[in-house]
Amino acid sequence: MNSHLRRAIGTALLGSLGLIALAGCGEDSGGSGGADSKTVTLVSHNSFAVSKAVLAEFTEKTGYKVRRQTGGDAGSAVNQAILSKDHPQGDVFFGVDNTLLSRALDHDLFTPYRAKGLDKVPAEFQLDAGEHRVTPVDYGDICVNYDRAYFAEKKLAPPRTFADLIKPAYKNLLVTENAATSSPGLGFLLGTAARYGDEGWKGYWKKLRANGVEVVDGWEQAYFDRFSGGGKGDKPLVVSYASSPPAGVADLKTKPAKAPTGVATGTCFRQVEFAGLLKGASNTKGGKALLDFLLSKRFQADVPLSMYVNPAREDVKLPELFTRYGVEIADPATLSPQKISKNREPWVKAWSSLVL
């Protein structure tokens, strides 16, 4: 399996929308953040990644050693933070995204702090701008990907929009993930709700089902088992990420003129990931320094090739791999965290009844 594509899936195995059984936490390094003021503990989901040299630079500049504690996927990690909020497991939490943000804020997980460099982050990512309980760190887009070779061979234009996917020309071509067990699957559902409205999305999914959409449990199964552009499958369309094409060529010694896969830019839903200073943190000073670091140009420049998402800062240039093989999503579908929080569970239940 392509290691870069594995990282690019981000929080793909979200598990039951934040209501899943809690995963056990692991540690990447030893030490205790509580008793040692020179150690700051970062709690995150499993997909957090940073280059060793960049992390070492933080320690050299601040004197703080970072202790990492991971808690499974994003849903598990947020659940764990909520259940342990009276005795937080660390100082900073990274990995709550806009699909789970309201839940974290409603449980009062974070102490407000305005991180240095926030003025370089576009307002559209600052979803808690008035209170600064969380800091935007990165963003990415869940989109339908297509197999260029298939559509070239069939002399068929690849789909570009949600509306295209229900056309007869694309019957039986799309595989997506279960919205109840997968972050990309949930993001695709939310994208259709943003596009067609609170009730209109149901009619859309009835048409999509009639047009032969296939549903599998998770991203890896969809991309590597069913998608013709990513593995051994026969489906030329898959719900994945806008970053999947550059991730797919990262390990190739000889780079092609174009990535083998493309992105249907009118099918995208935006995810934004945040970090916050945990309320009751043992090392608040170190936690604030770490938040400043996560928003520093040095860390932000490391984000694309470490986690295969985009840096939140607008003054950080993307690497050549992204600019050459990626695509900028100019108008992704979005929903407010409050709307997602209110509707996530009933929408998923309705979706399951309609589609599964």
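Following chains of ILVMFWY side-chain contacts shorter than 4.5 Å, one cannot reach Val316 starting from Leu305, and the two form parts of different hydrophobic clusters.
Judged by distance alone, with hydrogens and angles left aside, the side-chain atoms of Thr323 form a donor-acceptor pair with the main-chain N or O of Glu320 at under 3.5 Å. Using modelled atom types, no side-chain atom of Ser341 and backbone atom of Gln338 make a donor-acceptor pair closer than 3.5 Å. A donor-acceptor pair is defined here as one N or O able to donate and one able to accept, closer than 3.5 Å; such a pair exists between the side chain of Asp91 and the backbone of Asn283. Of the possible polar contacts, none joining the Lys155 side chain to the Ala152 backbone as a donor-acceptor pair under 3.5 Å is found.
When each of Thr111, Asp108, Thr284 is tested with Lys279 by the rule side chain to side chain donor-acceptor pair (under 3.5 Å), just one qualifies, namely Asp108. A side chain to side chain donor-acceptor pair (under 3.5 Å) with Trp219 holds for exactly one of Ser183, Ser244, Ser240; it is Ser240.
Aromatic ring centres of Phe188 and Phe162 lie closer together than 6.0 Å. Aromatic ring centres of Tyr196 and Trp205: separated by at least 6.0 Å.
Side-chain contact between Arg270 and Tyr139 is present, with at least one heavy-atom pair separated by less than 4.5 Å. With a 4.5 Å cut-off on side-chain heavy atoms, Pro158 and Phe151 count as touching. His132 has its side chain within reach of Leu118: a pair of non-hydrogen atoms, C-beta onward, lies under 4.5 Å apart.
Across Val263 and Tyr146, no two heavy atoms sit closer than the pair N-CE2, 3.4 Å.
Taking Asp164 as the reference, Lys167 meet the salt bridge (charged side-chain N to carboxylate O under 4.0 Å, His left out) condition, with sequence neighbours excluded. Taking the side-chain hydrogen bond (donor to acceptor under 3.5 Å, both in side chains) definition, one finds that Arg209 meets it with nothing, sequence neighbours left out. In terms of the salt bridge (charged side-chain N to carboxylate O under 4.0 Å, His left out) criterion, residue partners of Arg313 (sequence neighbours excluded) are, by chain and number, Asp315.
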- request: Let me see the working for Glu57 and Lys61 under salt bridge (Lys or Arg N to Asp or Glu O under 4.0 Å), right down to the final yes or no.
  value: CA-CA 6 Å; Glu57 188 173 311; Lys61 287 186 174 181; 3.4 Å; yes
### Task
Decide yes or no on side chain to side chain contact (heavy atoms under 4.5 Å, CB included) for Gln271 and Val309, but give the supporting numbers first.
CA-CA 10 Å; Gln271 281 186 314; Val309 285; over 6 Å; no
For Phe94 and Phe274: C-alpha separation, side-chain torsions, deciding distance, then whether side chain to side chain contact (heavy atoms under 4.5 Å, CB included) applies.
CA-CA 6 Å; Phe94 168 83; Phe274 302 86; over 6 Å; no
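Under the 6.0 Å distance and 45° angle rule, Lys235 does not count as a cation-pi partner of Phe227.
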